[in-house]
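For reference, the structure is listed below as structure tokens.
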Amino acid sequence: NTSSIPFQCPWRGSNSGAVLLPCFVLSFSNFFPSLWPRWKNWWVRGILTLAMITFFFIIIYLGPMVLMMIVMCVQIKCFHEIITIGYNVYHSYDLPWFRTLSWYFLLCVNYFFYGETVTDYFFTLVQREEPLRILSKYHRFISFALYLTGFCMFVLSLVKKHYRLQFYMFGWTHVTLLIVVTQSHLIIHNLFEGMIWFIVPISCVICNDIMAYMFGFFFGRTPLIKLSPKKTWEGFIGGFFATVLFGLLLSYVMSGYRCFTCPVEFNNDTNSFTVDCEPSELFQLQEYNIPLVLQSVVGWKTVRMYPFQIHSIALSTFASLIGPFGGFFASGFKRAFKIKDFANTIPGHGGIMDRFDCQYLMATFVNVYIASFIRGPNPSKLIQQFLTLRPDQQLHIFNTLKAHLVDKGMLGSLEDA
């Protein structure tokens with residue numbers, strides 16, 4: 001008789017540390033003992049999903065610096081979850097220095113990537129402060145020296161009876177760094193291009209995850225892939241159409257606000273981030289002709305929309321059709337090591353890595369997409385670099401540019417005007 005058993009809100013230990021689970025989630029079975037397990041899981045996932053979405057909106061409101069700190073915290077937690085699985089699987093608790101070295105390599109890689117970001121996006125600030133200028137100038141050498149130190153420590157830690165196991169874990173650590181740290185760094189790069197390039201892709205993955213689950217829950221009949229038995233074709237297809245529609249609507253709303261569309265830049269006068277600019281053509285309403293085939297259906301000949309909405313179709317399509325393969329990859333990984341989740345940090349969802357398996361793949365796509373189809377030369381960065389050159393170098397560039405403009409006839413026309 002479950003009603004006679006008093007319920008207490010416990011601390012539940014896990015391989016990710018003790019986590020306090022919400023009482024209203026844990027006591028769900030006590031309040032509704034007759035509810036099917038399938039519906040219990042539906043409600044638990046639903047409540048926690050709403051809580052995570054609310055938290056997501058809060059950190060967006062707090063601004064880019066908080067977002068970057070959250071990305072860093074998520075990266076560290078994901079690294080911890082994957083490395084812990086390695087420790088448990090390979091029984092490597094007695095390996096000398098290995099926990100220390102794993103976290104040391106994480107520190108080294110973050111120092112390298114964040115140092116590159118600071119040099120790139122805070123160039124003027126770096127040049128203004130002498131210590132930062134020296135660190136920036138020799139940044140890659142310092143990063144390499146730090147890594148070499150860890151490499152030598154690993155070699156010195158090799159124990160005869162553990163050679164193979166130690167090299168397994170060395171490779172495990174480096175693959176984890178490649179998957180987690182590199183791609184989280186790309187998320188931050190996307191953020192600097194404008195918060196819309198951060199929010200829309202992440203929201204499309206979240207929407208696809210939710211809608212695929214909903215369509216699969218209510219209409220799912222046909223299994224999609226053996227790696228994830230609960231995934232269905234009905235959920236996969238329904239999630240695709242819902243995500244494309246969601247991406248178009250969200251992009252339309254966000255394209256009208258400069259705080260989302262402007263690149264995140266550092267203001268040297270106020271020593272703070274700014275997101276104020278003149279919107280580019282991507283975020284200005286334009287008129288498009290509707291194909292003749294669709295004109296008879298919708299009754300319109302033209303439609304006004306933001307060019308970014310067209311790009312959002314590519315983003316939402318990737319999030320729906322390719323993004324889930326990040327989840328399938330993670331499912332295969334967990335099956336290989338006979339575990340259900342990376343951790344049990346979030347009730348009904350597993351660990352942090354279980355929620356971000358698709359996000360990292362999406363971040364890489366967005367970064368490649370921006371570099372291939374969106375980003376062009378940045379005049380402000382060129383001017384900043386120009387001003388740091390020696391006077392004779394500045395004069396040489398000036399004369400070269402002047403001669404080029406005269407040859408093109410542009411300088412003469414400007415002088416006449």
Side-chain angles (χ1 to χ4, degrees), residues 38-39 41-57 60 187 190 195-225 227-257 260 288 290-291 293-294 297-298 300 303-331 346 348-350 354-366 369:
R38 188 167 179 245
W39 281 98
N41 184 59
W42 192 89
W43 278 104
V44 170
R45 288 177 66 95
I47 293 170
L48 268 297
T49 297
L50 289 175
M52 287 188 288
I53 291 174
T54 303
F55 177 70
F56 181 60
F57 282 127
I60 288 173
I187 292 178
N190 299 340
M195 289 184 68
I196 195 168
W197 290 103
F198 173 85
I199 297 171
V200 170
I202 287 181
S203 300
C204 284
V205 171
I206 295 172
C207 174
N208 182 71
D209 192 33
I210 294 172
M211 298 311 297
Y213 177 78
M214 297 285 286
F215 276 95
F217 185 87
F218 290 106
F219 309 109
R221 296 292 182 273
T222 313
L224 175 65
I225 187 171
L227 284 173
S228 296
K230 294 183 180 180
K231 298 290 193 300
T232 62
W233 276 104
E234 291 81 2
F236 187 73
I237 296 170
F240 165 70
F241 286 107
T243 303
V244 171
L245 179 61
F246 171 80
L248 284 169
L249 295 175
L250 180 63
S251 299
Y252 181 83
V253 172
M254 295 186 67
S255 294
Y257 295 91
F260 295 128
Y288 293 92
I290 297 177
V293 180
L294 298 177
V297 179
V298 299
W300 306 331
V303 62
R304 285 176 60 82
M305 59 188 298
Y306 294 100
F308 180 79
Q309 288 180 271
I310 299 174
H311 294 290
S312 76
I313 297 175
L315 299 179
S316 55
T317 299
F318 184 91
S320 305
L321 301 184
I322 308 298
F325 280 84
F328 301 153
F329 177 86
S331 296
I346 310 170
H349 291 269
D354 290 286
R355 294 298 89 209
F356 280 82
D357 47 12
C358 301
Q359 296 288 4
Y360 283 129
L361 186 62
M362 187 71 193
T364 304
F365 171 74
V366 173
Y369 189 89

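Numbering starts at 1 and runs along the sequence shown.
For the atom pair Leu50 CG and Ile210 CD1, the distance stands at 7.5 Å (nearest 0.5 Å). Put simply, CD1 on Ile290 and CH2 on Trp300 are 6.5 Å apart, with the number rounded to the nearest 0.5 Å. Note: Ile313 CD1 to Leu245 CG = 10.5 Å, rounded to the nearest 0.5 Å. Interatomic distance, CE of Met254 versus CD1 of Ile60, reported as 6.5 Å (0.5 Å rounding). Going from atom NZ of Lys230 over to atom CZ of Phe217 covers 10.5 Å, rounded to the nearest 0.5 Å. Note that OG1 of Thr232 and CD1 of Ile225 are 12.5 Å apart. Values are rounded to the nearest 0.5 Å.
In Tyr369, the OH atom is crowded: over 12 heavy atoms of neighbouring residues, nucleotides or ligands sit closer than 6.0 Å. Counted within 6.0 Å of OH on Tyr257, heavy atoms from surrounding residues, nucleotides or ligands total 12 or fewer; the atom is thus considered open. Tyr252 OH: 12 or fewer foreign heavy atoms inside a 6.0 Å radius.
Of all heavy-atom pairs between Leu248 and Gln309, the closest is O-NE2, 3.1 Å. The two residues Gly239 and Ser320 come nearest to each other via the heavy atoms O-OG, 4.0 Å. When every heavy atom of Ser331 is checked against every heavy atom of Ser228, the shortest pair comes out as OG-OG, 3.1 Å.
At a threshold of 4.5 Å between non-hydrogen side-chain atoms, the residues Cys204 and Phe318 do not count as touching. Side chains of Lys231 and Phe236 form no contact here, defined as non-hydrogen atoms less than 4.5 Å apart. Residues Leu250 and Ser312 have side chains not in contact (no heavy-atom distance under 4.5 Å, counting atoms from C-beta outward). In this structure, the side chains of Pro307 and Tyr288 come closer than 4.5 Å at one or more pairs of heavy atoms. The shortest distance between side-chain heavy atoms of Ile206 and Arg355 does not fall below 4.5 Å. Counting only heavy atoms from C-beta outward, the side chains of Phe240 and Val244 approach each other to under 4.5 Å.
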I would like to know whether Phe246 and Ser316 meet side chain to side chain contact (heavy atoms under 4.5 Å, CB included); could you show each step before the answer? CA-CA 8 Å; Phe246 171 80; Ser316 55; over 6 Å; no

When you look at Val366 and Phe198, which way does the side chain to side chain contact (heavy atoms under 4.5 Å, CB included) test go after all the steps? CA-CA 9 Å; Val366 173; Phe198 173 85; over 6 Å; no

Evaluate side chain to side chain contact (heavy atoms under 4.5 Å, CB included) for Ile187 paired with Tyr360, printing each intermediate quantity in order. CA-CA 8 Å; Ile187 292 178; Tyr360 283 129; 4.2 Å; yes

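In terms of modelled atom types and a separation under 3.5 Å, the side chain of Asn190 and the main chain of Ala363 share a donor-acceptor contact. In this structure, the side chain of Glu234 does not engage the main chain of Phe215 through any donor-acceptor pair within 3.5 Å. Between the side chain of Gln359 and the main chain of Val205, no donor-acceptor pair closer than 3.5 Å is present.
Taking the six-membered ring for Trp and the full ring otherwise, the centers of Phe308 and Trp197 sit less than 6.0 Å from each other.
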